[in-house]
Asks: 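Handing you a structure now.
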Amino acid sequence: MDAQAHIDLLKTLVPAAEITVAAAADDAVTPGLWVPAAALVDVCRALRDAPGLEYVAFSNVTCVDHHPRRTPRFDVVYHVVSPHRRARLRLKVPLGLDQPIATVTGVWPGAGWPEREVYDLFGIVFEGHADLRRLMMTEDWEGHPLRKDYPVQVRKDAQTYMPLQVTAEEFRANMERDRYQRARQK
């Protein structure tokens, strides 16, 4: 089923959504659709529940930052799968800076962690997400490191709680302890 066939079926299920074809090099394998942010959850629910579509498996969500070349700045990209149809589909949602998007965890609960990752690294806010907080960066981290305007020369001191080096005496003692433990195991 190509992108246009998806659109034709979705027009009857979600008539208010203005869905268009998102062309890509791998269209034959993974068709793509542009979906407006306001209609995302309705479109996802229709993709999951409609006979003939049945995209019941959520694969991932990521983001593309087009700064400074394009407005709206971001594309939030979802990949979903219909396992029994052996079909994949890509949904692209254009978003402006500081524009939130609804979470799809109510449709696919597996979207929770990937949405947190996109929030952490790009700063995209998923409204309605039950636990939207940093996932990879520390809570005190400033900014979102995968944005194109993120300053790459940021220097942050390493926070260690153990010494990074050991003395020669500690090294010899560790080696002897390891030899002794290996000898006892034989």
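Just so we're clear, the structure is a prediction, and the values are computed from it rather than from any experiment.
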Asks: Taking all non-hydrogen atoms of both residues into account, name the closest pair between V56 and P83 and its distance.
Replies: CG2-CD, 3.7 Å
Asks: Could you check whether the rings of Y55 and H6 sit parallel, tilted or perpendicular, using 30° and 60° as the cut-offs?
Replies: tilted
Asks: Where is the tightest heavy-atom contact between L91 and C44, given as atom of each residue plus distance?
Replies: CD1-SG, 3.9 Å
Asks: Please report the shortest heavy-atom distance between T103 and H129, naming the atom on each side.
Replies: CG2-N, 3.6 Å
Asks: By the definition side chain to side chain contact (heavy atoms under 4.5 Å, CB included), identify the one residue from L40, V35, I124 that meets it with V76.
Replies: I124
Asks: With a 3.5 Å cut-off and no angle check, do the side chains of R73 and H66 form a donor-acceptor pair?
Replies: no
Asks: Write down the atom of P94, the atom of W34, and the distance for their closest heavy-atom approach.
Replies: CD-CE3, 3.8 Å
Asks: Mind running side chain to side chain contact (heavy atoms under 4.5 Å, CB included) on R134 and H144 for me, showing each step along the way?
Replies: CA-CA 10 Å; R134 290 216 182 252; H144 304 283; 3.9 Å; yes
Asks: Which value, rounded to the nearest 0.5 Å, describes the distance between M175 atom CE and R177 atom CZ?
Replies: 10.5 Å
Asks: Got a donor-acceptor contact below 3.5 angstrom from the R70 side chain to the P72 backbone?
Replies: yes
Asks: Between D75 and K92 (side chain of the first, backbone of the second, donor and acceptor by atom type, cut-off under 3.5 Å), is there such a pair?
Replies: no
Asks: Say you draw a straight line from OG1 of T62 to CG of L146; how long is it, rounded to the nearest 0.5 Å?
Replies: 8.0 Å
Asks: Looking at CG of D131 and CH2 of W113, how far apart are the two atoms once the value is rounded to the nearest 0.5 Å?
Replies: 8.0 Å
Asks: Between M136 and V118, is there a shared hydrophobic cluster once you connect ILVMFWY residues whose side-chain heavy atoms come closer than 4.5 Å?
Replies: yes
Asks: Taking the side chain from E115 and the backbone from V104, do they hold a donor-acceptor pair closer than 3.5 Å?
Replies: yes
Asks: Before you tell me yes or no, could you show the steps for V41 and V107 under side chain to side chain contact (heavy atoms under 4.5 Å, CB included), namely the whole-Å CA-CA distance, both residues' side-chain angles and the distance that decides it to 0.1 Å?
Replies: CA-CA 7 Å; V41 175; V107 181; 4.2 Å; yes
Asks: Can you check whether F171's main-chain N or O pairs, donor with acceptor, with N174's side chain at less than 3.5 Å?
Replies: no
Asks: Check for me, please, whether V43 and V81 land in the same ILVMFWY cluster - side-chain distances under 4.5 Å, paths through other members count.
Replies: no
Asks: Quick one: does any side-chain atom of S82 pair with a main-chain N or O of L53 as donor and acceptor, under 3.5 Å?
Replies: yes
Asks: Between R85 (side chain only) and G52 (backbone N and O only), is there a donor and an acceptor less than 3.5 Å apart?
Replies: yes
Asks: If you measure from CG on L89 to OG on S59, what distance do you get to the nearest 0.5 Å?
Replies: 11.5 Å
Asks: Would you say V93 ends up clustered with I7 if hydrophobic residues are merged whenever their side chains have heavy atoms under 4.5 Å apart, either directly or through other cluster members?
Replies: yes
Asks: Looking only at side chains, do Q4 and D8 share a donor and an acceptor under 3.5 Å apart?
Replies: yes
Asks: Assess the residue pair L33 and L10 against the criterion (side chain to side chain contact (heavy atoms under 4.5 Å, CB included)); give the C-alpha distance rounded to whole Å, side-chain angles, the decisive distance to 0.1 Å, and a yes or no.
Replies: CA-CA 11 Å; L33 306 176; L10 287 169; 3.8 Å; yes
Asks: Out of curiosity, does L95 fall in the hydrophobic cluster containing F122 (side-chain heavy atoms, cut-off under 4.5 Å, transitive links)?
Replies: yes
Asks: I need the minimum non-hydrogen distance between G143 and P145, along with the two atoms involved.
Replies: O-CD, 4.0 Å
Asks: Consider only side-chain heavy atoms of I, L, V, M, F, W and Y, link residues closer than 4.5 Å, and tell whether V125 and V61 are in one cluster.
Replies: yes
Asks: Between D26 and R88, is the closest basic N to carboxylate O distance under 4.0 Å?
Replies: no
Asks: Do W141 and D120 pass the side chain to side chain contact (heavy atoms under 4.5 Å, CB included) test, and can you show the C-alpha distance, the side-chain angles, and the key distance before you say yes or no?
Replies: CA-CA 10 Å; W141 194 271; D120 191 7; over 6 Å; no
Asks: Check residues 11-20 and write down every donor-acceptor pair under 3.5 Å in which the side-chain atom is one partner and the other belongs to a residue at least two apart or another chain.
Replies:
| unit_1 | atom_1 | unit_2 | atom_2 | d |
| --- | --- | --- | --- | --- |
| T12 | OG1 | L9 | O | 2.7 |

Asks: Please give me the minimum heavy-atom distance between P114 and G110, naming the atom from each residue.
Replies: CD-O, 3.3 Å
Asks: Judged by atom type as modelled, is there a donor-acceptor pair below 3.5 Å linking the side chain of R147 to the main-chain atoms of D65?
Replies: no
